[in-house]
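First comes the structure, then the notes that go with it.
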Amino acid sequence: MIVHNTIASLRAALGGAGRVAFAPTMGNLHAGHISLMQQARSLGDVVVASIFVNRLQFGPREDFDKYPRTFAQDCSLLEAAGVAHLFAPDETELYPVPQQYQVYPADAHEGILEGASRHGHFRGVATVVAKLFNIVQPQVALFGKKDYQQLMVIRNMVRELDFPIEIVGCDTVRADDGLALSSRNGYLSPMERAEAPRLAEELGKVVEALRAGRSDFAALEQGAVGALSAHGWQPDYVAIRRRSDLQPAQVGDPMVVLAAARLGNTRLIDNLEV
Ligand code: PAF
C-alpha cells in the first residue's frame with residue numbers, strides 16, 4: 001500500500017489505474033471499515049481509502065480534538081484488506097485556505113435527525129466528500145449504512161451535482177451482542193458498554209412490530225424512547241422514516257428506523273431497515 005500525503009502524489013499514482021473503488025474514513029478503523037474495503041475489492045480494479053479527520057463536520061463542542069487517531073494500526077489493517085493507495089492529507093493540504101465554498105445539502109435532508117442536533121454537520125460532510133471525490137475521481141464509492149443519513153445526503157448530492165460515481169451502501173457490522181461497531185464505542189465505560197446493545201434491541205422491536213403490520217408509528221417511536229429512558233439513556237430521537245429521503249414514513253413505504261441516544265457522555269446512533 002502506498003501512502004499519499006499530497007493530492008499531486010495520489011493523482012499521479014491513479015492515472016490509468018483502471019476502475020477506482022474508494023472508501024473515505026476518518027481513521028480509527030474497525031471491522032466495519034474493513035468490510036467496506038473488502039467489498040471495494042470486488043467493485044474496482046484498485047481500492048483507494050482515505051483517512052482525514054474533517055474538522056468541518058464537527059461542532060465547536062464536539063469531539064474533534066479527542067477523536068481517536070490510530071494511524072499506524074489503521075495502515076496495517078488497510079494493507080491487510082488489500083487497499084492499494086491510502087490518501088492521508090493533513091489539514092493544510094485539504095484546506096490550504098479557509099473553505100468558503102461549501103456544499104449545502106437540502107434543508108429537508110440536513111435539518112432533521114442528526115442534523116437537528118449537529119448543526120452544520122452534513123454541510124461539513126458533503127463538502128469534504130465532494131472534495132475527496134474530485135481528488136480521487138473514483139467510479140464507485142462505498143459508505144456504511146450505520147451513518148444512514150450521511151449515505152442519504154451523499155446519494156442526493158451525487159445525483160443533483162452529477163458526480164459520475166456509483167454510491168454503494170454497506171451493511172452495518174455488529175459486535176456479537178448486536179452493538180453497531182463505531183469508533184465512538186471506545187468512549188464507553190465497561191458498564192455502559194454492557195448496556196449499549198439495548199439501542200439495537202429497541203430498534204429491533206420496532207422493526208418486528210412494523211413487519212407484523214403495526215401502523216401506529218408515533219406510539220412505536222415513543223415506546224422505544226420510553227424503554228431507553230427507563231434504562232438511563234437520554235434519547236434524541238427514535239424515528240420511523242422512508243428510506244429515500246428520511247421524511248416521515250407512510251404505510252407501504254420502504255422504511256428505516258433510526259435512533260440516537262446518549263449513554264453517559266457518549267452519543268450513539270444506529271438504524272435498522274424494515
Ligand atoms: O463517515 C465518515 O467517517 C466521515 O463522515 C467521512 C464520510 C469520511 C467524511 O469525513
Side-chain angles (χ1 to χ4, degrees), residues 4 7 10 20-37 39-40 47-59 62-71 73-75 77-78 81 83 85-91 93-95 99 102-105 109-110 113-115 117-136 138 140-158 161 163 165-173 180-187 246 258 260 267-271:
H4 305 271
I7 297 169
L10 181 77
V20 172
F22 175 48
T25 81
M26 298 204 300
N28 193 233
L29 304 180
H30 50 64
H33 297 108
I34 298 311
S35 103
L36 289 187
M37 307 302 158
Q39 290 176 65
V47 177
V48 178
S50 64
I51 295 180
F52 180 69
V53 185
N54 175 38
R55 188 187 293 273
L56 221 54
Q57 71 190 70
F58 288 79
E62 291 186 358
D63 54 348
F64 176 79
D65 288 325
K66 76 166 186 166
Y67 198 83
R69 287 151 172 95
T70 51
F71 189 71
Q73 185 190 315
D74 293 345
C75 284
L77 291 170
L78 291 174
V83 172
H85 298 275
L86 170 63
F87 181 49
D90 65 16
E91 283 196 288
E93 180 69 8
L94 218 53
Y95 297 128
Q99 187 72 30
Q102 300 198 17
V103 179
Y104 284 73
H109 293 171
E110 90 143 327
L113 304 171
E114 286 307 280
S117 21
R118 305 186 67 191
H119 185 71
H121 171 69
F122 289 110
R123 174 168 44 84
V125 169
T127 301
V128 80
V129 171
K131 284 171 71 89
L132 291 168
F133 282 175
N134 283 330
I135 292 165
V136 178
V140 53
L142 299 92
F143 294 85
K145 287 189 185 175
K146 161 90 174 17
D147 294 301
Y148 208 91
Q149 191 174 359
Q150 167 172 283
L151 175 60
M152 183 276 286
V153 164
I154 290 166
R155 279 192 197 287
N156 282 287
M157 176 185 84
V158 161
L161 297 181
F163 283 93
I165 301 173
E166 180 193 345
I167 302 299
V168 174
C170 299
D171 286 340
T172 301
V173 177
L181 298 192
S182 161
S183 300
R184 292 191 170 97
N185 293 349
Y187 300 154
L246 299 184
L258 308 102
R267 190 170 176 283
L268 298 179
I269 62 170
D270 200 354
N271 64 79

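Remember, it's 1-based here, ligands and their atoms both numbered in the order they're listed. Source: prediction; values computed, not measured.
Listed by chain and number, the residues in a side chain to side chain donor-acceptor pair (under 3.5 Å) with Q57 are N54 (sequence neighbours excluded).
Closest to atom 2 (C) of ligand 1 among all protein heavy atoms lies Q150 NE2, 3.8 Å. Scanning the protein for heavy atoms near atom 10 (O) of ligand 1, the closest one is Q57 OE1, 2.7 Å.
Between the CG atom of L78 and the CD atom of Q73 there is a distance of 10.5 Å, given to the nearest 0.5 Å.
Considering only heavy atoms from C-beta on, F87 stays 4.5 Å or farther from H85 through its side chain.
By the criterion of a heavy-atom distance under 4.0 Å, neither the backbone nor the side chain of L132 is placed next to ligand 1.
Set against the non-hydrogen atoms of V128, the atoms of ligand 1 under 4.0 Å away are 9 (C), 10 (O). Which parts of ligand 1 touch T25 is read off a 4.0 Å heavy-atom cut-off, strictly below it: atoms 8 (C).
Taking the centre and axis of the six-membered ring of F52, the NZ or CZ atom of K131 falls outside the cone set by 45° and 6.0 Å. Geometrically, R69 engages F64 in a cation-pi contact, judged by NZ or CZ lying under 6.0 Å from the ring centre and within 45° of the ring axis.
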